[in-house]
Structures are given as structure tokens and as C-alpha cells.
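Scroll down for the structure; my scribbles are underneath it.
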Amino acid sequence: MITVTGLKKDFGDFQALKGLNMHVQAGEVYGFIGQNGVGKTTTMNILAGLSRPTEGECLIRGKDVTAVAHPGDLRVGYLPEEPKFYPWLTARETLLYLSEVPDNKRVEEILRWTGLVDGADRRVGGFSRGMKQRLGIGVALVRNPDLFILDEPSSALDPEGRSVVLRLIKDLKNMGKTILFSTHILDDIERICDTVGMINDGRMVFEKPLTQLQVEHAQPVLDMIPTVPIRPDVADALSKVVGVVSLTRSESSWAVRVAHPGVSLTVMSFLAEHGIAVESFAFRKARLEDLFLKEVSDK
Amino acid sequence: MKSELQKEIRYALRSGRILILFASLLFLALLTPIMLKVVLPQVLGGEVNDLVMMTQRDCIRSYLGDVFEIGGIVIAFTLCGLTACELQGDTWLLPVCAGKRFGHMVGAKLLVFGTLQVILPVATLLVDYLYSSYLFGFEVGISAVLFSGILQSIYLVFFLSCLIMWGVFTRKPIPAGFLTLATAYGIQAISSLLRMQGWTPSGLLTQAMELNPTVDSSLLISLTVTVLLIVTTMRITMAKLKYMEWNERSAQ
């Protein structure tokens, strides 16, 4: 659905994108992650036809995005990070205005789907951030495109708002739509994405199916809170135990990355030998956040 | 185009722009006759007052002049955000992504607010005409007044096209308003200085002041030049929008 090759974008002397490559398959949810200012929005703007690349190729459904005369000709459902609506129009009027052909029945369906029926005739100026975000997704769907580009759709929302937005994205996926969305909430990526692409400093760091990523980088982590402080020499000895990959201290708790779950027995024995009791000893899988932080710190 | 027109009409009504423009022009229409009939004689005093005999024609001319000078400022700063605020506030981003054509978006603004620029000044000119006839007596025929009103309205549509164009270039409403006023007053000053008002939109104002409903070659030239300038400003606006990069601030 989307093929990006060697994409570069300069803003004066500043190089925002430095040869980005990206592949988004039809029908998948692609999570685009990266720190602030690494080029996520720039990439999405170019893909939505809103900005021109300095160099490189961007194909949507095999068509070069720079070859279209008008961004609307790409037929992409685009949601900017902060969608701006006319505050003096109601939600219903907004959807009707942005429809290709005003269709009251379809607008009614979208209002119901986004949960905005009750606020349909209220002016958008009085909407909360979550309602605006839901209306934005509704607006993106109003022309029934097969591709959605959503820039940080769940950021800055409360947990309930986030959950609703994620439900809408899942619904879009079930409708067979392709979704490229960026976020810095890695939990959202783990909940709904099929593929994850991580961008750093204008380049793609990795691009893999989420399941593959979880297998490749799935080093289990033991989170433990000791009842007494662990001395530095004991911590050093623990880090050298066979099977322990790394040891990180965070205030009173310790995160022990281990090669495989069996190492937890060795760790428990080590703690018992050194007379260290623990308040909590929890075993968890490595999260995308651990990988993200590792990649960022490696760079 | 229908949805764009509906949106602009809603904006004009709900933002109070119509009310502001109508109230300002009505104020001038009612104030001018009072100023000339009541205030001016008191200011000038006895003997001088006898020398200056004000008529309905003078009153209407004075109002037409006020609309250009004071009304122009009110129009410029009431409508300076027409395109500038759309770009500054990124409200055009979703319509552009939804496939709305630049020609339709800008055309709807010109059509709706251009129609207002015809209706409101002509309506308030008629108020001025009736009120001045009450104070000074009937002197000018209604056809002459309507003719002058329409000429002035065509000039104001050109004024509006400048506001739309400068709004797209500056992306800021206040500079767009100032640049439009500079364009209008600049054309007026230079064309007066070079005695070539007939070749500029200012010729329409000069003809309107005549209160003479006849079409001569000079008027036709002014009309043609004004229409050509409106078309040119719209084409420049469209070209600028076509090559514009959107959502830049979020990207950088």
C-alpha cells in the first residue's frame, strides 16, 4: 500500500529526513514510533501529499505522491496531531461539509460509530479534546478511503479517550482498511499494531512485524523490590551470574534482564545465599518500551 | 461548491461579520447627513455657513468618500482573517485532505463576501439617500444613487480580492489588512498623482462620486481593469495555494 524509498526532506539547513525507507502492507495497522522531532510528522505530511520531499520516492498504491495535483486526489484519510475544525460549525455540519457528496445517512452512521450522536448538533468549539479526536477520525472516514494516516491520534487523551480512539482504529482494521499511525504511547502499539517501524534521526531503525519483534527481543525481565538495600559489590556479583543479561536499578526496585525464564531460579538462589529478602519478585516479558529505550540509548 | 458556499454563509452569520459591517456602514450613512446638516453649520458659524450651501448631492458624495476612507478600514480589519486565519489556524488542512478544491474554497469566499460587499453598501447608501432627502430635500434621482452604489460595490469586491490574496501570502490577518489598505490607498494616491484614475479601480470611485448614471468609455476602461485585477489576484492566490506546503509548523 505504501512504499517509501530513500526519502529526504530538508527545512533550510536542517535535514529532517535522511533517506527513510518504509513498507506498509494493505490491510495492516502500522505503528510508527520514534522520539519527538525525529521526522514522524514530516513523513506523514509527505505521504498525505501536504509536503513535497527533497529527494526519494513515495508510492501510495503504486502512485507517486508528488505526481498528484491536489492532496485530496490521494484519497487518504488523514488526521493531523491536533485537528483544527471550524468552531462555529456543528459536528454534523462539519461532516457534511467535508463529505464528497453530502450524504445524511452516512454522516449519521459516522456520528453513531464515533459516539458523537448526542453532540452532533453542538458547535465543535465546545468539544473536548477527545471528542475532537473522534470527530477527526470520523472526518478521515467520511470519504471512505482505504488508507488512513493518523498522527498521534491517542496522545494527550485521558485513558478513556485513548481507549475509545484505539477501539475506532481496531474497527477500521476490521473494515479492511490500512492504517499508519504514529504515537509515543508504546502500549497502544502493542495493543493494536501488526507491524512496527521505528524512526530515529530521520532514518528507519527497524521495521518488523510486532510478533517477530517480540520473539527476537523477548528477553524476560525480573522486577524485584528487596527489603534491604543491595550493596554495590553484591549487585556486581549478581550481574555476573550466568544467564543475567543486565541489571538496572530504579529507586528501590531492580530490573534484572535474563536470557530465559529458568534463570529466575538462579537469581532467587543468589539472593537467598546473600540473605536478601524481597518484597516483590515479578516476572514479565520485555516490553516495546524496553526495546525503544535500548535503541534510543544505543544510538 | 454548494457546501463551500453554505460554510461561508454560516461563517458570515455566526461570526457576526455581517452585523459588524452593516452596523458600521449604517452608522456612516446616518452620521454623514447629521454632520453636514447639524454639526458643520455650528462649527463654521454664521457668515461662513451662508457661503457653504450643503445639498443632498454633497451629502451622498461625502458618504461615498467616507465608505472608501473609513469603511475601507472597517472592511479590511473585519474581513482580514478570511484566508489568513484559515492558514494561520490550519483550518484548511482537513478540507484540503478531504479533497476540497482551492478554487472552490477561495471562490466561495469571494462570492459570499463579494455579494455582501454589494448588498450592504448599496442598502446603506439607500438609507443615506432617504435620510439626506429628509434633511436636505430630494435632489438626486434614485437611479443615479443605485448606479453609484453598484460602482462602489464593484470597487469593494476588488478590495476583497486583495484581502484574500494578501491573507494567503502573509498568513496573518492584521498584516493582510494593512497590505490591502496600502494597496487601495496606494493605487488611489498614485493614480491621482499621475492623473490616470480612469485606468485603475479608483476610476470607479471617481465615477460613483459623479452621481451620473451614464456609461462612457472611461468607465468601461475602469470596469475592465478592475475585473482583470480581480481575476489576476484570484489566479495569484490559487497559484500560491497550489505550491504551498501544509502543516509545516507541526512537522518542523
Side-chain angles (χ1 to χ4, degrees), chain A residues 9-12 14 16-17 37 39-46 48-53 68-90 93-102 123-125 135-136 138-143 145 149 151-152, chain B residues 1-20 78-79 81-109 112-113 171 237-252:
Chain A
K9 177 69 183 178
D10 299 342
F11 292 106
F14 175 67
L17 297 176
K40 296 192 298 289
T41 299
T42 304
T43 308
M44 294 179 128
N45 277 348
I46 293 171
L50 299 169
S51 180
R52 276 173 291 280
V68 295
H70 188 282
D73 296 343
L74 286 169
R75 294 199 71 83
V76 167
Y78 178 69
L79 177 70
E81 189 177 349
E82 265 187 72
K84 298 287 172 61
F85 301 97
Y86 297 109
W88 34 269
L89 284 183
T90 65
E93 287 165 351
T94 301
L95 287 167
L96 280 168
Y97 167 57
L98 296 171
S99 302
E100 207 162 18
V101 180
R123 291 193 187 179
V124 180
L135 180 61
V139 164
L141 183 69
V142 81
R143 291 173 82 208
I149 295 178
D151 193 358
E152 309 254 5
Chain B
M1 183 79 168
K2 192 184 158 195
S3 61
E4 284 89 341
L5 288 172
Q6 278 178 338
K7 176 225 147 193
E8 293 304 331
I9 292 167
R10 283 184 177 126
Y11 171 66
L13 291 168
R14 293 179 187 174
S15 67
R17 294 295 191 274
I18 292 182
L19 202 66
I20 295 167
T78 306
L79 302 181
L82 271 186
T83 49
C85 284
E86 297 264 20
L87 293 167
Q88 194 181 39
D90 281 335
T91 43
W92 257 349
L93 193 61
L94 290 175
V96 165
C97 291
K100 296 285 174 196
R101 302 283 135 177
F102 300 131
H104 290 182
M105 295 194 304
V106 173
K109 285 184 188 294
V112 169
F113 287 93
R171 297 187 183 202
T237 305
M238 232 69 85
K240 175 72 181 165
L241 285 172
K242 193 177 174 189
Y243 295 104
M244 191 172 271
E245 297 240 336
W246 300 82
N247 204 21
E248 267 180 335
R249 271 169 301 151
S250 305
Q252 288 178 62

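By convention in this document, chain letters (A, B, ...) are assigned in the order of the sequence lines, proteins followed by strands, and residues within each chain are numbered from 1.
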TODO: Under 4.5 Å, counting heavy-atom pairs only, tell me which of A/P145, A/P87, A/G72 racks up the most with chain B.
DONE: A/G72
TODO: Return the option, out of A/H70, A/R75, A/E82, with the maximum number of heavy-atom pairs under 4.5 Å with chain B.
DONE: A/H70
TODO: Indicate yes or no for a side-chain donor-acceptor contact from A/R52 to the backbone of B/E245 under 3.5 Å, with no hydrogens or angles considered.
DONE: no
Task: SB check B/R171 B/D90 (cutoff 4.0 Å) - done: no
Open item on the list: With a 4.0 Å cut-off on N to O distance, would you call B/E86 and B/K7 a salt bridge?
Closed with: yes
Is it the backbone or the side chain of [X] that comes under 4.5 Å from a heavy atom of chain B, or both, or neither?
X: A/R123; result: side chain
X: A/S99; result: backbone
X: A/K40; result: neither
X: A/R143; result: side chain

Task: Smallest separation among heavy atoms of B/W92 and B/L241, with atom names - done: CZ3-CD2, 3.9 Å
Task: Minimum heavy-atom distance between B/W246 and A/N45, given as atom pair plus value - done: O-ND2, 3.9 Å
Task: Max heavy-atom pair count under 4.5 Å with chain A, selected residue of B/R101, B/E4, B/K242, B/Q6 - done: B/R101
TODO: Show your reasoning for whether side chain to side chain contact (heavy atoms under 4.5 Å, CB included) applies to A/S51 and A/T42.
DONE: CA-CA 8 Å; A/S51 180; A/T42 304; 5.6 Å; no
